[in-house]
Structures are given as structure tokens and as C-alpha cells.
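Taking it in order: structure first as C-alpha cells, then the write-up.
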Amino acid sequence: MRSCLAAILLCLPCLGMAQTEVTSADFASQTITIALNQEPPQLNGMKATDQVSIFTLGHVMEGLTRYDRRGNIVPGVAERWEVTDTEATFWLRKNARWSDGSAVTADDFITAWQNVLKPATASEYAFILYPLLHGEAINKGELDPAELGVKALDEHTLHIRFERPTGYFEKLVAFVTYFPVKGEFLAAKGSRYGADATDLLYNGPFMITDWVHSASLHMVKNTHYWDRENITLNAINADYITADTRARLNLFIDGKIVHTSLDGETYKDALAQKLRIRRFTTGSVFYLEYNFRAGRVTNNINLRRAIQHVFDPDEMVNKVLATPGNLPGKSLFPVWLNGKTDKFRQEYRPQEASLDLVLAREYLEKARIELGVEQIPPLVLLVGDSPTAAKQAEYMQGVLKAKLGLDLKIDVQTFKQRLAKMTAGDFDIVAAGWGPDFDDVMTFGDLFTSWNMNNRGRYSNPEYDKWVRIAMNSADVTVRMDAMGKLQQILFDDAVILPQYEQGVIYLMHPNLRGVVRRVVGADPDFTHAQVLEKGD
Amino acid sequence: MLAYTMKRLMAGVITVWFIATATFVAMHMVPGDPLMNDKAVTAEIRKNLEIKYGLDKPVGEQYLIFMGNMLQGDFGISFTQQNRRVNDIIRDHFPVSATLGVLALFFATIGGVVWGALTAVYRNRLPDIIIMFMVILGISVPSFVFAALGQLLLVNINSALGFSLVPVAGWGTISHMLMPSLVLGLSTMALLTRLMRSSMLEVINEDYIKTAKAKGLSPLRIFFKHQLRNAILPVITILGPQIAAITTGGFVVELVFAIPGLGRYFVQAVQQLDYTVIMGTTVFFGAFLVLMVILVDILYGFIDPRVRLQ
């Protein structure tokens with residue numbers, strides 16, 4: 001018995017060593033190993049909504065267009081295209097192939113788009129296809145999917161009619177919901193489509209060879225990909241799936257993975273280990289949203305203005321969040337959005353409220369008189385259950401109490417419960433955020449229209465709706481950007497929201513790895529054009 | 001014996017039915033909506049989702065449909081992993097948790113019995129004090145602390161050696177399982193040690209031990225044949241539920257060591273209000289627990305002749 005145990009113990013190191021022969025960034029084989037935050041809930045692009053699925057699909061699939069490393073739109077499956085106010089034509093490259101060797105055709109896009117809009121599919125992102133003629137009517141079940149305003153002029157020419165002018169259509173088609181699906185394959189797989197590695201056909205730079213649920217997901221270079229000469233990596237192996245940031249930091253230090261994000265705690269450890277910490281702005285904006293439903297005190301403009309004049313986003317970022325990478329929130333429109341020729345925020349500078357205690361108290365007094373109360377009743381702030389959310393809420397509680405004498409009750413709720421309360425309007429103020437779906441101001445701009453379901457505070461202003469409609473019905477960049485500039489001003493004047501910060505992430509990346517792109521929309525991080533160098537810096 | 005077993009099995013079935021019903025009711029009473037996500041969907045898409053998951057029907061009807069499907073062994077499709085059947089999730093991930101759990105139990109039982117017996121033999125002397133101190137640590141320190149410390153230890157060993165002796169996380173080989181199963185088994189080991197100690201102390205003072213000593217039996221023979229065999233009964237009693245608890249997965253250990261076990265699904269389903277996965281994993285866990293308790297009862301008969309007589 002004892003000798004048997006000894007033999008086992010002696011063998012263990014050998015098992016361990018066999019594992020380590022390939023490092024997380026291997027030069028000779030051009031292979032990298034990564035960790036995923038969670039198991040991709042599904043890899044059916046027509047229904048995917050989450051970060052991990054979009055990350056994976058972004059590496060193994062390709063739409064008509066794609067983003068280059070600077071975030072510009074470049075040809076994908078389509079070689080060239082023409083977009084007008086009413087229609088668009090895409091010419092597909094003849095050498096675009098599925099991983100079974102067959103050609104990617106115009107019909108594959110039509111199949112995918114009709115399926116996304118079909119009510120039975122119940123795709124949560126179907127709305128992103130509403131610019132297509134009859135898209136919304138099909139999704140509501142009023143029209144047959146065959147009525148969709150999309151037609152194959154020939155095998156490699158796709159013609160699209162619009163419901164309304166869509167100036168950013170070439171950006172929309174880079175999004176996962178617009179990816180193609182081969183009809184025969186979908187029919188053969190049925191509800192299994194995208195459930196396992198063999199249940200998906202790939203037309204992107206990589207293909208999944210092996211997917212063990214919750215354990216690993218292996219991608220290798222797709223030999224049928226039209227631009228394979230420009231893909232250096234041979235394999236991307238996601239060998240670990242865990243949301244635990246400390247476990248991922250440990251894996252990184254142990255040389256097992258090439259990339260990991262840090263949080264407030266692991267950040268300190270990474271600093272102590274003298275690791276090179278990089279930063280990136282995710283493109284998401286976080287803000288406090290007021291409840292405008294009748295009977296809510298937050299419906300009072302002067303109360304909202306009072307809060308506007310005591311809140312300092314710089315202090316929030318530097319003292320409360322206190323990890324690098326976050327930017328102070330100044331507007332609903334984040335800094336990275338493109339405007340006419342420059343960045344939107346350069347062309348339309350948002351107005352900032354002065355930190356003015358006297359003015360704030362004047363507004364508060366006005367609010368109190370208008371509301372006809374002795375004292376403003378305590379406000380309910382609805383927040384999520386993360387440690388960061390708690391810190392921010394307590395900070396707001398302190399600021400409002402100290403400066404305005406306002407009481408803030410913090411209502412901490414788990415994810416689904418918070419959503420239920422947000423939808424039901426059971427709050428005065430809610431800590432909310434918004435991440436972009438596509439690279440255009442409209443992904444933020446239409447948030448506070450009276451018809452937007454994500455407008456949880458039910459803000460309703462005909463003037464706001466009017467400017468969104470103007471922007472929606474024009475493909476002219478000046479008209480659209482001017483309209484967005486107006487929206488930004490309305491949001492400030494009406495104090496619709498209290499912008500808090502633009503989210504940043506801090507992360508570690510293997511020093512030998514080059515060409516990894518961080519993106520605000522689409523697959524992030526994007527390893528498509530990465531390469532492993534023999535030696536880093 | 002057969003009648004006894006049948007009776008126990010019948011009671012087990014009723015218990016599982018009760019667990020399923022209670023979970024179903026509790027789950028529907030939790031505020032929140034399983035179909036809600038970060039981005040609100042239009043009324044049409046919402047309606048389509050409700051139809052897909054059968055949530056458009058009244059709750060009573062949903063319950064009957066669920067029970068009907070459950071009797072046929074079908075738990076439906078997951079809400080969050082929309083293409084996967086709950087049966088597949090249990091089938092794919094339970095073996096992983098079970099493997100880890102069996103290894104953890106192996107550590108826990110061997111450790112618990114040996115340490116427990118030792119503390120009893122060396123009662124109130126130094127080994128007893130040291131071991132009991134460790135036991136209190138093992139019971140009171142939560143597993144996420146041990147998991148993080150264990151992983152950190154591996155990182156430090158590996159970086160000191162310059163190569164990966166034991167992988168810090170992941171799944172696949174025996175070496176992947178060592179640290180997580182040790183961490184997973186620690187609290188059970190501590191529990192068993194304490195139990196073993198007290199039951200051993202009781203046995204040591206029994207008359208038959210004195211008789212055995214008087215007969216001139218060797219201390220080793222007394223220890224194994226008379227003391228251990230009699231003292232181990234309470235340990236086996238709690239081993240049943242412990243097996244069920246450990247082999248259905250430790251959420252924290254699976255998260256920290258990136259192990260594809262069932263425990264993660266169990267916890268995340270509740271956070272996500274994934275109705276079908278909550279029901280599937282709870283009923284599975286409940287049935288497994290009930291089965292283990294019954295098995296232990298039957299096992300009793302083999303170990304303790306007194307039970308067989310009744």
C-alpha cells in the first residue's frame with residue numbers, strides 16, 4: 001500500500017509537467033491559451049446577446065463587413081457596397097467559403113435575417129434588423145418572413161430595401177445578429193444549431209474544433225477563410241472557464257493564460273507583482289436615471305437640478321471607483337463615438353453643471369415649495385448587488401445628505417429582481433448603464449425616447465422624440481449629428497440623467513503577444529490578427 | 001428486509017415529489033422575471049419567448065406540465081443556455097462533480113477516521129490539542145478562503161520551482177483534481193474527525209473493551225476489531241447526506257479552480273432565475289440525497305447486526 005502511494009505521488013509531477021510544455025503564448029506553434037468568463041450560453045448568432053458569445057462568434061464568423069484594428073469598417077464577406085437612403089447593394093466576394101468548403105452566398109444572409117425576424121425564433125436582438133423593409137412587421141407576425149425587403153440579385157449580389165434611411169447600415173451588418181447562416185445546415189440541425197462544435201458551420205478566420213461545456217473551447221485557423229494568409233495564429237485555446245478574477249490572475253502569473261481583466265482587489269496584487277497593467281475604455285456609460293412617473297418627487301425638475309449641481313463625476317472616478325481606466329461621466333454620449341469628421345464629443349461639447357452649493361440649495365428650496373412639502377421625503381436609490389455598486393450608492397448617499405440634507409435609501413437587489421423593479425418603476429433613482437450595440441450615436445441617442453423600452457424612468461418629451469425622428473429619417477451625417485447635439489443638450493437641461501462615469505477596464509496581456517485589439521463593439525478582445533513574437537519587451 | 005426497503009423507497013418518492021412541489025412554488029414566488037435581461041425586449045419578442053418556455057400558461061397548468069414531463073424524465077430546455085436540455089447539463093456535469101466529490105470523500109473519510117481515532121486515543125494530550133485546533137479551523141473557515149489559499153500555494157510552489165508541478169486550475173488529469181478535492185473535503189474531514197472522536201471516546205469506556213483487554217488481546221487488535229468497528233457507525237450515518245452534498249458539486253471550489261461541475265449550474269440557475277435548471281438540479285439533488293440516506297440505512301444492517309434483527 002505504501003509503495004503504491006509513493007508511486008502515485010512520484011508520478012504526479014510528471015502529469016503536471018506534461019501539461020506545461022506548451023506555454024500560454026507559444027511562438028513555434030503560434031498558439032495562445034485564454035480563459036473565458038463564462039460558458040458561451042449559445043453560439044447561435046441569430047440569438048446571441050452576451051459578451052462571451054459575441055467574442056467567440058466574432059472569431060469564427062464574419063458578416064458582410066468587419067471592423068479593422070482602428071475601428072473602421074472594412075470589407076468582410078462583401079467586397080464592396082453601395083448604400084443610399086432607400087436601398088443598399090452588397091457584392092459578395094467569390095472566394096468567401098464556409099468551413100465545409102461551400103461558397104457563402106447572398107441567400108445565406110437572407111436565410112439568417114428571415115430567421116432572426118421570424119416570431120418563433122424569439123430573438124432578443126431582432127430589433128436591430130428593423131431598418132430592413134418590413135422587418136418590424138415580420139417580427140410582430142403581421143407579415144410572412146418571405147416579405148422581407150431583401151433579395152439575391154444573383155448568387156453573389158445582395159440587394160436590400162430600407163424601412164427608413166439608415167446611414168450606419170454598413171456598421172450594422174458587422175454585428176453578430178447580421179451574420180450569415182447556411183440554410184441546409186440550419187434545417188439539418190434544427191434546434192441543435194449552435195449547441196456544440198459540430199452544430200455550427202464557420203465562415204470566419206477561425207473554427208471551433210472542440211467544445212467541452214464549462215471546461216474548454218478550442219478554435220483553430222479556418223483553412224477555408226478567404227483572408228487566411230493574413231491570419232498568423234494557428235489556434236486559440238480557451239482552456240479555462242471561470243468568472244473568478246483571482247483564479248484568472250493566478251493562472252496568468254503561472255503562465256497559463258495570455259490575458260485577464262483585473263478588479264479593485266486583484267489590481268493591487270498585480271501592482272505588487274510589478275506586472276504591466278494596461279487600460280481600456282469599454283464604451284459603456286453608467287448614470288443615475290430618475291423616475292418620471294406621476295407622483296414621484298424625482299419628476300420635479302428643480303430637485304434633479306439641485307442634485308446635478310452637487311455631484312462631481314471626477315470625484316466619483318478618482319475617489320470612489322479608484323481603479324485606473326474609468327473616465328468621469330459628462331454626457332450620455334461617450335467620448336469614443338464618431339461625429340461628422342472628428343469625435344462627436346469634440347464637435348458637440350456637453351455642457352457641465354457647475355459645482356455650486358448655493359445654487360443647488362436654491363433649486364432644492366424651489367422644489368420643496370413646488371412639491372408642497374415640509375421636507376423632501378427620502379429618495380429610493382435602486383442598485384445592483386456588486387461591491388462597486390454598493391460603494392457608489394453609499395457615496396451618493398453621503399453627498400446628498402451632507403450637501404442638500406436629502407435622505408437616500410439604498411435598495412440593493414440581485415440582477416433579475418433589480419430588472420423587475422426597474423421595469424415596474426419601483427424606484428426614485430436607479431443606477432443604470434448602457435453599452436453600445438453598434439458604432440453610431442443612435443445606439444445611445446434613442447434611449448430616452450418615449451417609445452424605448454429601456455427608458456425605465458419613462459421620461460417623455462415630444463422635443464426629444466422629434467430630434468430622434470429627424471436623425472432616424474436622414475442619412476445625412478450633419479443633420480443626424482446636429483440632432484444628436486440637440487439631444488445631448490436636452491438631457492442636460494432637463495437633468496434627465498446624472499452621468500457618473502464611462503467604464504474602463506484594467507487588464508494584463510502576455511508581453512510576447514502583438515496585434516490584439518480591444519473593441520467597444522463586437523468581439524473583445526479581438527485576437528484575429530494577433531501574433532506571438534519570439535520575445536516581448 | 002425487502003418490505004423495509006420498499007417502504008423506505010416509497011417514502012423517498014413522496015419526499016422527492018414534495019421537494020419538487022415546494023421548489024416550484026418557491027421559485028415562482030421569488031420576485032423577478034426569468035425572461036428579463038439587461039436590454040428590454042419588445043412586447044412581441046417577449047410574447048414569443050413566453051410561448052417558447054410555456055410561461056404564457058397559468059401557473060397551475062405549468063406545474064402539471066412540469067410534473068408530467070418530470071415523470072418521463074424530461075426537465076426541458078435551459079433558459080440561459082437556450083440550446084441545451086437540462087438532462088444534458090446534468091449528464092455532462094454531474095460526473096465531473098461526482099469524480100471530484102469521491103476523491104474529496106476519500107480524503108475526508110480516511111483523514112476523519114484516522115485523526116478522530118488518534119485524538120481519542122491521545123485524549124487531552126498534545127496530538128489531541130493540535131488536531132482539534134485544526135478541526136475547529138476546518139469547520140469555521142469557509143471553503144472560498146481555503147480554495148483561494150490552496151490556489152495561491154500552488155502558484156507560489158510553481159513559481160519557486162520554475163515549472164508547473166501541479167496546475168493551478170483547470171480540469172482533465174488527476175493532478176488537476178488534487179488541490180480542489182482536498183479543499184472540498186476539508187470541512188467534511190473536520191466534521192468526521194469530531195464525530196469519530198466523541199464516538200471513539202464512548203466506545204473506549206465500554207465494558208467489552210475492558211473484557212478484550214482482560215483477555216489479553218493486542219492493543220492493535222482491540223483498536224481495529226472492537227473500537228473502530230463500533231465507533232464508525234455514527235460516521236456512516238452522516239456519510240450518506242455528505243456524499244450527496246459533496247458529489248453534487250461545490251460552487252466556490254468549481255469557480256476558483258475552473259472545474260466544469262454541476263455546482264456552478266446549481267447556483268447560477270438561481271441567480272439567473274433559470275426555472276428549468278433550478279427544477280432539474282434541485283429534483284436531481286433531492287432524489288440523490290434521499291437515495292443516499294436510504295442506502296446508508298440499508299448499509300447499517302450489514303455493519304451493525306443489531307439493526308438487522310429489528
Side-chain angles (χ1 to χ4, degrees), chain A residues 8 12-13 15-20 35 38-39 41-44 47 49 119-127 139-141 191-195 199 212-216 239-244 246-247 250-251 253-256 414-421 423 435 437 452-454 456, chain B residues 30-34 36-49 51-52 77-78 80-84 88-89 92-93 96 147-148 151-152 154-155 158-159 163-176 178 254-261 264-265 268 271-273:
Chain A
I8 293 175
L12 288 174
L15 290 171
M17 274 183 339
Q19 288 272 314
T20 57
Q38 60 163 52
E39 156 96 353
Q42 59 174 324
L43 290 178
N44 175 352
K47 289 162 74 171
T49 56
T121 310
S123 170
E124 290 177 48
Y125 259 120
F127 72 88
N139 197 228
K140 285 181 174 167
S191 69
R192 293 285 304 160
Y193 180 77
D199 296 327
V212 183
H213 290 286
S214 294
S216 63
D239 275 334
Y240 306 92
I241 299 181
T242 177
D244 190 73
R246 184 161 300 279
N250 285 338
L251 283 165
I253 293 172
D254 204 39
K256 289 288 184 289
T414 57
F415 180 62
K416 295 276 177 181
Q417 281 73 28
R418 184 172 61 92
L419 285 174
K421 283 197 155 185
T423 310
D437 293 324
N452 195 314
M453 310 273 297
N454 289 300
R456 316 275 185 172
Chain B
V30 170
D33 182 333
M36 253 180 213
N37 263 316
D38 260 337
K39 295 191 175 172
V41 297
T42 60
E44 293 79 35
I45 296 176
R46 165 94 206 171
K47 201 178 67 204
N48 294 331
L49 283 169
I51 294 171
K52 175 169 176 176
I77 331 165
S78 160
T80 42
Q81 306 220 322
Q82 291 177 18
N83 287 328
R84 287 183 82 196
D88 291 346
I89 291 177
D92 289 351
H93 301 290
V96 174
Q151 193 174 52
L152 197 63
L154 292 181
V155 172
N158 289 349
S159 64
F163 65 92
S164 281
L165 182 69
V166 177
V168 301
W171 189 247
T173 63
I174 296 253
S175 58
H176 282 111
L178 282 183
E254 286 176 9
L255 194 69
V256 171
F257 291 98
I259 295 166
R264 281 209 251 176
Y265 285 86
Q268 278 160 8
Q271 287 168 348
Q272 295 290 324
L273 275 188

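Per chain, numbering begins at 1; letters A, B, ... match sequence-line order.
- No donor-acceptor pair closer than 3.5 Å links the side chain of Asp254(A) to the backbone N or O of Val155(B).
- The structure places CZ of Phe257(B) at 10.0 Å from CG of Leu251(A), a figure rounded to the nearest 0.5 Å.
- Of the two parts of Tyr193(A), only the backbone, made up of N, CA, C and O, holds a non-hydrogen atom closer than 4.5 Å to a non-hydrogen atom of chain B.
- When all heavy atoms of Thr80(B) and Pro41(A) are compared, the closest pair comes out as O-CB, 3.2 Å.
- The closest side-chain heavy-atom distance from Arg84(B) to His213(A) is below 4.5 Å.
- Interface remark: Gln268(B) contributes no atoms to any contact with chain A (heavy atom separation under 4.5 Å).
- When each of Asp244(A), Asn452(A), Thr121(A) is scored by its heavy-atom pairs under 4.5 Å with chain B, the top score falls to Asp244(A).
- With rounding to the nearest 0.5 angstrom, the CD1 atom of Ile241(A) is 13.0 Å from the CD1 atom of Ile259(B).
- Within 6.0 Å of NZ on Lys52(B) lie more than 12 heavy atoms contributed by other residues, nucleotides or ligands.
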Before you tell me yes or no, could you show the steps for Leu152(B) and Asn250(A) under side chain to side chain contact (heavy atoms under 4.5 Å, CB included), namely the whole-Å CA-CA distance, both residues' side-chain angles and the distance that decides it to 0.1 Å? CA-CA 7 Å; Leu152(B) 197 63; Asn250(A) 285 338; 4.0 Å; yes
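- Here the closest non-hydrogen pair linking Ser164(B) and Lys256(A) is OG-NZ, 2.5 Å.
- With a threshold of 4.5 angstrom between heavy atoms, Asp92(B) approaches chain A through side-chain atoms but not through N, CA, C or O.
- Of all non-hydrogen atoms in Asn48(B) and Ala122(A), the two that sit nearest each other are CB-CB, 3.6 Å.
- Counting all heavy atoms, side chain and backbone alike, Lys416(A) lies closest to Met36(B) at NZ-O, 2.8 Å.
- Using a 4.5 Å cut-off between heavy atoms, Lys47(A) contacts chain B through its side chain alone, with no backbone atom that close.
- The contact between Ser191(A) and chain B is made entirely by backbone atoms, counting heavy-atom distances below 4.5 Å.
- Taking the ring pair (Phe, Tyr, Trp, His ring centres under 6.0 Å) definition, one finds that Tyr265(B) meets it with His93(B), sequence neighbours left out.
- Arg264(B) touches chain A through its side chain: at least one heavy atom from C-beta onward sits under 4.5 Å away, while N, CA, C and O do not.
- Chain B forms more heavy-atom pairs under 4.5 Å with one residue of Asp199(A), Thr423(A), Thr242(A) than with any other, namely Thr242(A).
- Looking at residues two or more places apart in sequence or on another chain, you find a salt bridge (charged side-chain N to carboxylate O under 4.0 Å, His left out) between Asp437(A) and Lys39(B).
- Across Lys421(A), Arg418(A), Gln42(A), the residue that shares the most heavy-atom pairs under 4.5 angstrom with chain B is Gln42(A).
- Side-chain atoms of Phe415(A) and Asn37(B), non-hydrogen and from C-beta on, do get closer than 4.5 Å to each other.
- Only the side chain of Ile253(A) has a heavy atom closer than 4.5 Å to any heavy atom of chain B.
- For the residue pair Tyr240(A) and Ala169(B), the shortest heavy atom distance occurs at CE2-O, 3.1 Å.
- When all heavy atoms are compared, the tightest approach of Ala420(A) to Gly32(B) is CB-CA, 3.7 Å.
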